[in-house]
Amino acid sequence: MNKYIGYRCSKCGEEYPPKEVFYLCPSDGGVLDVILDYEEIRTAIKPENMISSKENSIWRYLPLLPVNDPGYADTPLHSVGCTPVYQPSRLTDEIGLEKLWVKDESSNPSASFKDRASALLIARAKEIDADVIVTASTGNAGAALAGMAAAVGQKAVIFAPKSAPKAKIAQLLVFGARVILVDGSYDDAVELAVQASDEFGWYCRNTGYNPFTAEGKKTASFEIWEQVLLQEKLDKPLSIFVSVGDGNIISGIHKGFKDLAEFGWLEQMPRIFGVQSEGSSAIANAFDAKNEDIRPVSAKTLADSISVDMPSDGLRALRAATETNGAYIRVNDESILEGIASLGQSGIFAEPAAATALSGLVKARELGLIASSDPTLVMVTGSGLKDVQSASRAVSAAPIISPTIEALKEVL
Ligand SMILES: *Cc1c(COP(=O)(O)O)cnc(C)c1O
Ligand SMILES: [Zn+2]
């Protein structure tokens, strides 16, 4: 079976056959959507085929992905995805909702959502015989690529801003990738990765540049479909909260649901809400201005994973909200830290960018955008262990006492 039939530019709508382009639309630089063979999938595959799969990873959706099985069955490549969804009752009450799900991506092999994209890119790289894969990253995309590359023996080069949290840089180095820290912003690293890709012929995984990253990320929607939508008869559409930097996770999630709708397997399109930090809100600005003109900002937020001047997948990210009756919401760094603490009290440890989605939901309740009867899901995109410095800022410090019962009694 032909696994995909081409690409469609998200800007001009022009279509390209699979072998003609690699990254962006040649005429206007628009990000490309991968077009699956929807007719073929509709006839060849039924939802039951997916639901009955024994594979406990993103590869259970292989017939809906634009790559072939890469193999490597006994590596971390096969433990990406199928992340848990929780229904934390305390948090649900605190926010004042009837139904709340939290999907926790920290159980991915490198502890963030980015593993979904990197796993797919490893498969793609094998198909096109890529020798070296390069990516720019604020840390998580790089760690996801480096870990997966190490697992399968693929060469990888990672550019990250030198300001990335220490844990993320350590993770990159431990995975043994060629790590190069850039004395500049994430946006500078992005530019350098593209130049290096051109210069040395490396295969570029850059988010919102390589059309396949969103194809990996859309698997989260397939899981939400299986774990929530097929389990419960919801009388209102599910509202999904996603933190947004480059906008590729939210675009991928939108693509996943659009694919399901094309297969005829989706009863109701979820509403998708993007959450940005006030200090990095290029897409939220365009949403508020009610146009598609996304202008760069000078990003400054403690949520490093969503600190982006010019989002590389901004247009599709904007449409994920506008086309689904969702919205964009801004939150400040202080409420992001509160989000870390709230999630922690339900046993979920989130990095700042991951807690941003919860903070956005809290704000959306305050603004009246979400009613208590709206079934809601929050994507927690990465583990708190990625940035312990911010985690410590979210809570008060522990008391230090001398090791005696008297001293203990004093603090209790
Ligand atoms: C990358 C990332 C995001 C944002 O994804 P974009 O595609 O850049 O919008 C959110 N949270 C975490 C933990 C991330 O690593
Ligand atoms: Zn175009």
Side-chain angles (χ1 to χ4, degrees), residues 7-16 21 23-33 103-106 108 110-118 135-145 160 164-165 167-168 171 186-187 190 206-211 213-214 216-218 220 241-255 272 274-277 280-284 299 301 303-318 320-321 328 336 339-340 349-360 378-387 390:
Y7 305 97
R8 184 182 299 113
C9 174
S10 57
K11 242 188 199 167
C12 67
E14 184 71 27
E15 294 186 6
Y16 301 95
V21 290
Y23 302 115
L24 301 175
C25 172
S27 65
D28 59 12
V31 178
L32 300 175
D33 280 319
K103 189 161 173 65
D104 185 5
E105 292 291 309
S106 68
N108 279 305
S110 80
S112 91
F113 190 106
K114 298 290 196 297
D115 281 331
R116 296 179 184 274
S118 288
T135 196
S137 170
T138 58
N140 286 340
L145 180 62
K168 293 185 181 181
Q171 199 181 13
Y186 167 63
D187 292 65
V190 167
N206 273 10
T207 294
Y209 180 70
N210 190 312
T213 57
K217 289 171 177 177
K218 77 181 184 184
F241 282 74
V242 188
S243 57
V244 175
D246 269 323
N248 194 242
I249 291 183
I250 198 170
S251 306
I253 285 176
H254 190 205
K255 173 65 156 56
I272 304 178
V275 188
Q276 295 206 283
S277 164
S280 175
S281 62
I283 304 171
T301 168
D304 65 290
S305 295
I306 50 171
S307 184
V308 177
D309 296 345
M310 185 57 184
S312 58
D313 206 356
L315 180 60
R316 292 194 307 182
L318 180 64
Y328 265 81
I336 291 173
I340 293 179
F349 194 21
E351 70 164 88
T356 299
L358 178 73
S359 310
V378 170
M379 291 296 314
V380 170
T381 41
S383 164
L385 290 173
K386 297 273 196 171
D387 182 0
S390 295

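Order of appearance sets the numbers: ligands from 1, and atoms from 1 within every ligand. One is the number of the first residue; the rest follow in order along the sequence. The basis for the numbers below is simple: all heavy atoms, side chains too, and nothing from hydrogens, waters or symmetry mates.
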Handout entry: Whether D28 has an N, O or S atom under 2.8 Å from the Zn ion (ligand 2)
Key =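 Yes, D28 qualifies, because one of its backbone or side-chain N, O or S atoms lies under 2.8 Å.
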
For ligand 1, is there an N or O atom under 3.5 Å from any N or O atom of [X]?
X	answer
E351	no
S112	no
A354	no
V244	no
I249	yes

Between [Y] and [X], is there a side-chain heavy-atom distance shorter than 4.5 Å?
X	Y	value
K217	T207	yes
P352	S305	no
M379	E105	yes
I253	I272	yes

Exercise for the section: Would you confirm whether N108, through its side chain, and D115, through its main-chain N or O, come within 3.5 Å as a donor-acceptor pair? Expected result: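 Between the backbone of D115 and the side chain of N108 there is no qualifying donor-acceptor contact (under 3.5 Å).
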
Handout entry: Donor on one side chain, acceptor on other, S106 and S383, under 3.5 Å
Key =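 Their side chains do not contain a donor-acceptor pair, so the 3.5 Å distance test is not met.
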
Which of the atoms in ligand 1, numbered in the order shown and given with their element, are less than 4.0 Å from a heavy-atom of [X]?
X	value
G245	4 (C), 6 (P), 8 (O), 9 (O)
N140	13 (C), 14 (C), 15 (O)
I306	3 (C), 4 (C), 10 (C)
N248	6 (P), 7 (O), 9 (O)
G247	6 (P), 7 (O), 8 (O), 9 (O)

Closest approach of any protein heavy atom to [atom], naming residue and atom:
atom	value
atom 10 (C) of ligand 1	S243 OG, 3.3 Å
atom 14 (C) of ligand 1	K114 NZ, 2.8 Å
atom 8 (O) of ligand 1	D246 N, 2.8 Å

Practice task
Indicate, as side chain, backbone, both or neither, the part of T381 found under 4.0 angstrom from ligand 1 when only non-hydrogen atoms are considered.
Solution key: both

Problem - Proximity to ligand 1 by part of K386, non-hydrogen separation under 4.0 Å - result: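 Near ligand 1, K386 shows nothing, with every heavy atom at 4.0 Å or more.
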
Exercise for the section: Quick one: the SG of C12, the Zn ion (ligand 2), SG of C9 angle, rounded to 10°, please. Expected result: 110°

Exercise for the section: Might you work through the side-chain hydrogen bond (donor to acceptor under 3.5 Å, both in side chains) test for S251 and D313, ending with a clear yes or no? Expected result: CA-CA 8 Å; S251 306; D313 206 356; 3.2 Å; yes

Practice task
Taking the six-membered ring for Trp and the single ring otherwise, decide whether the centroids of Y7 and Y16 are under 6.0 Å apart.
Solution key: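 No, they do not, as the ring centres are separated by 6.0 Å or more.
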
Exercise for the section: Apply the side-chain hydrogen bond (donor to acceptor under 3.5 Å, both in side chains) test between Y186 and each candidate in D304, D246, T138, D309; give the one that qualifies. Expected result: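 By the side-chain hydrogen bond (donor to acceptor under 3.5 Å, both in side chains) criterion, Y186 pairs with just one of D304, D246, T138, D309: D246.
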
Practice task
Given side-chain contact (heavy atoms from CB on, under 4.5 Å), test K103 with V380 step by step and report yes or no.
Solution key: CA-CA 6 Å; K103 189 161 173 65; V380 170; over 6 Å; no

Practice task
Would you check, one step at a time, whether the test side-chain contact (heavy atoms from CB on, under 4.5 Å) holds for L32 with L24?
Solution key: CA-CA 6 Å; L32 300 175; L24 301 175; 5.6 Å; no

